[in-house]
Engineer: 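Okay, handing you the structure first.
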There are 2 protein chains.
Amino acid sequence: MSMICDMATSRPGADGSTGLHARLVETLGMAICGGELPPGRVLFIDELVSRHAVSRSVVREALRVLASMGLVASRRRVGTQVLDASLWNVYDPLVIRWRLATGGRIAQLRSITELRTAVEPQAARLAAARVRPIDASELVTLAGRLWAAGQDGRMDDFLALDIEFHHRVLTASGNEMFEHLHQPIAEVLSGRHAYGLMPSHPHVDALQMHADVASSIQRGDGERAHDAMVAIMNRTMDETRHLWDMQSQSTTPA
Amino acid sequence: MSMICDMATSRPGADGSTGLHARLVETLGMAICGGELPPGRVLFIDELVSRHAVSRSVVREALRVLASMGLVASRRRVGTQVLDASLWNVYDPLVIRWRLATGGRIAQLRSITELRTAVEPQAARLAAARVRPIDASELVTLAGRLWAAGQDGRMDDFLALDIEFHHRVLTASGNEMFEHLHQPIAEVLSGRHAYGLMPSHPHVDALQMHADVASSIQRGDGERAHDAMVAIMNRTMDETRHLWDMQSQSTTPA
DNA sequence: ATAGAGTGTTAAGTCAGACTTATGCAAGGC
DNA sequence: GCCTTGCATAAGTCTGACTTAACACTCTAT
């Protein structure tokens with residue numbers, strides 16, 4: 001991997017770096033997404049300097065980054081105000097991560113899962129038309145290993161393979177916006193696993209659907225790949241829908 | 001609109017603000033997205049201070065924001081390096097805007113248009129299940145006005161109504177990630193209009209499809225709303241596909 | 001000749017003080 | 001009660017100093 005790509009991990013919080021900037025962005029971001037700093041709350045630079053024992057420039061730089069994510073907005077004479085959740089950039093990888101780690105988890109999980117139902121079938125269709133033969137072959141191989149891991153109940157392997165499978169489909173779609181969704185999708189899949197939301201043994205039907213997606217993509221059958229992925233997404237929705245049905249839907253009209 | 005929402009416009013460049021920070025973010029962001037600062041190029045803080053006649057803290061804050069968008073990465077002793085386009089956050093509203101305004105226009109246009117073919121049909125389906133009656137009624141009204149503007153050839157009105165129509169469908173879907181796509185979609189629709197990529201008179205079939213979406217949503221017929229929106233998106237793809245077919249597809253596998 | 005260790009230089013990161021500027025809010029006048 | 005004005009407040013910007021991470025080069029041992 002070239003150095004140009006290596007350097008991307010220097011994003012605040014992205015690599016667990018311990019720089020003051022990255023830590024403050026993480027601390028404030030989590031506090032905002034978790035509701036500890038609720039919308040409307042006004043923050044002052046000098047107060048944050050004292051509370052977090054860092055210099056003014058560390059605070060200012062952190063607030064600039066949070067503002068670009070839509071979490072806060074600064075105004076002269078007023079201070080820096082925490083914004084309503086509806087203004088947050090829900091596609092920012094860190095916002096997604098913070099919400100999945102805090103009280104916004106269910107809302108974020110539902111948002112991404114619904115987005116997946118739209119995106120992944122279409123990605124499968126495009127992949128069937130654009131995939132390189134070598135990548136299609138690897139996808140079929142991946143589906144085979146997924147099957148074996150599922151049958152054996154090796155859930156850690158299954159999770160890793162499942163993430164890789166969906167990543168490969170998104171990449172093969174040839175659409176950069178689809179491809180960039182792989183990281184939040186990976187986090188959602190990891191989260192489902194961590195929260196015990198996946199069956200202890202994937203149903204053989206689910207395993208077959210993944211195989212269908214792979215072989216349809218390999219054969220260039222976009223419609224069939226699309227439909228097989230729709231089936232996977234419908235099953236995923238059925239398995240996770242109860243999570244948000246159990247609580248008031250903040251984004252569902254009253 | 002409450003002050004909490006008002007303050008969101010303080011994002012750098014979002015409101016044409018003339019602060020030094022916002023201007024530098026815009027200048028560097030456009031230069032990077034436009035290829036004037038190509039991937040691999042190393043920037044030094046002191047050089048940027050001289051070239052742009054601003055202080056070090058203005059430069060540092062701007063680079064922090066650009067780094068959070070994935071456009072650059074700073075490393076001690078090395079400098080700040082422009083990253084490969086594959087690492088940019090393609091969902092960041094400013095990155096989208098800069099690419100639409102520079103050489104990345106066609107790639108971004110294609111990405112968003114393909115994303116729309118995935119998202120908007122699903123949004124229409126969800127909207128049918130979730131829309132409030134008052135909003136459904138307004139959507140039908142909007143479709144009627146769209147029809148009239150299209151028939152009369154009032155293209156400015158047609159554009160504004162078209163943007164509003166798609167925005168309302170995305171909002172009615174009840175999914176925040178769908179809703180947040182309305183801004184880049186609006187920019188794409190505006191861009192198509194500005195580049196003369198829309199027919200001077202929308203075909204009556206296209207007008208009918210919008211009416212179908214609206215009435216299906218009002219009747220709660222998700223499948224029909226979905227299919228009508230698929231028809232709109234297919235037509236949109238047919239009208240714009242030649243733009244990227246004319247040039248080497250950077251995201252299509254070789 | 002090559003690999004590893006050590007060191008120095010380089011650039012970012014952090015700190016602190018000073019000054020500027022936008023603007024919100026309160027007071028006073030009409 | 002409303003409008004204007006002035007002041008205080010907080011962010012924005014500038015500058016100098018210092019710290020620190022780490023890259024690159026040199027030297028030594030094998």
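Note on naming: letters A, B, ... go to the chains in the order of the sequence lines (proteins, then strands), and numbering restarts at 1 for each one.
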Engineer: Output yes when at least one side-chain N/O atom of A:R60 is less than 4.0 Å from OP1 or OP2 of D:dG12, else no.
Structural biologist: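 It does, given that an N or O in the side chain of A:R60 lies less than 4.0 Å from OP1 or OP2 of D:dG12.
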Engineer: Decide yes or no, distance alone: a donor-acceptor N/O pair under 3.5 angstrom between the base of D:dT20 and the side-chain of B:R76.
Structural biologist: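 Answer is yes: a donor-acceptor pair is held.
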Engineer: Under 4.0 Å between any heavy atoms, over every strand shown, what does B:L24 touch: base, sugar-phosphate, or nothing? Just pick one.
Structural biologist: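 Answer is nothing: B:L24 stays at 4.0 Å or more from every strand.
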Engineer: When you match B:F44 and A:A53 each to their closest nucleotide on DNA chain C, which lands nearer the 5' end?
Structural biologist: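 Result of the comparison: B:F44.
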Engineer: Measure the distance from CZ on B:R56 to C1' on C:dT14 and round it to the nearest whole Å.
Structural biologist: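 After rounding, the gap between these two atoms is 9 Å.
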Engineer: To the nearest angstrom, how far is B:D46 atom CG from D:dC14 atom P?
Structural biologist: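 It works out to 14 Å between those atoms.
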Engineer: Between atom CG in B:L48 and atom P in D:dC14, what is the gap in whole Å?
Structural biologist: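 To the nearest whole Å, that distance equals 14 Å.
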Engineer: Round to the nearest Å and state the distance from A:L20 atom CG to C:dG13 atom C1'.
Structural biologist: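 After rounding, the gap between these two atoms is 8 Å.
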Engineer: From the list C:dC15, C:dG13, D:dA10, which nucleotide is the closest neighbour of the side chain of B:S74?
Structural biologist: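 Selected nucleotide (nearest to the side chain): C:dG13.
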Engineer: To check you understand the geometry: which heavy-atom pair defines the closest contact between B:G79 and B:V42, and what is its length?
Structural biologist: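 Smallest heavy-atom distance, with atoms named: CA-CG1, 4.0 Å.
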Engineer: Quick check: on DNA chain C, is the nucleotide nearest A:V54 upstream (toward 5') of the one nearest B:R77, or the reverse? Name the residue that is more 5'.
Structural biologist: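 It is B:R77 whose nearest nucleotide is closer to the 5' end.
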Engineer: Counting only heavy atoms from other residues, nucleotides and ligands, does the tally under 6.0 Å from CD of A:Q183 exceed 12?
Structural biologist: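 Yes, the 6.0 Å shell around CD holds more than 12 heavy atoms from other groups.
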Engineer: Roughly, in whole Å, what's the span from CD in A:E47 to P in D:dT9?
Structural biologist: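 Distance check: A:E47 CD to D:dT9 P gives 14 Å.
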Engineer: Grab the two heavy atoms, one from B:I106 and one from B:L243, that are nearest each other, plus how far apart they are.
Structural biologist: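 Nearest pair, atom of B:I106 first, then B:L243: CG2-O, 3.9 Å.
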Engineer: Examine distances only and state if a side-chain atom of A:H180 and a backbone atom of B:S86 form a donor-acceptor pair shorter than 3.5 Å.
Structural biologist: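 Yes.
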Engineer: If every non-hydrogen atom of A:L63 is compared with every non-hydrogen atom of A:V72, which pair is closest and at what distance?
Structural biologist: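 Taking A:L63 first and A:V72 second, the nearest heavy atoms are O-CG2, 3.9 Å.
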Engineer: Heavy atoms from C-beta onward define the side chain here; which of C:dG24, C:dA12, D:dC23 lies closest to that of A:V78?
Structural biologist: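 Closest nucleotide among those given: C:dG24.
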Engineer: According to a strict under-4.0 Å criterion, is B:R75 in side-chain N/O contact with OP1 or OP2 of D:dC23?
Structural biologist: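 Looking at the OP1 and OP2 atoms of D:dC23, one of them is under 4.0 Å from a side-chain N or O of B:R75.
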Engineer: I need the CD-P distance between B:E61 and C:dT14, as an integer number of Å.
Structural biologist: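 Going from CD in B:E61 over to P in C:dT14 covers 13 Å.
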Engineer: Between C1' on C:dT10 and CD1 on B:I45, what's the gap in Å once rounded to a whole number?
Structural biologist: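 My rounded result for the distance is 12 Å.
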Engineer: Rounded to whole Å, how long is the line connecting atom NE2 of A:H52 with atom C1' of C:dT14?
Structural biologist: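 Distance, rounded to whole Å: 16 Å.
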Engineer: Within the structure shown, what part of the strands sits under 4.0 Å from A:L63 by heavy-atom distance: base, sugar-phosphate, or nothing?
Structural biologist: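 Touches nothing.
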Engineer: I want to check one thing: is the phosphate of C:dT14, taken as OP1 and OP2, less than 4.0 Å away from some side-chain N or O of B:R64?
Structural biologist: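 It does, given that an N or O in the side chain of B:R64 lies less than 4.0 Å from OP1 or OP2 of C:dT14.
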Engineer: So, does B:S55 get its side chain near the phosphate of D:dC14, meaning an N or O under 4.0 Å from OP1 or OP2?
Structural biologist: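 For B:S55, the contact criterion (side-chain N or O under 4.0 Å from OP1 or OP2 of D:dC14) is met.
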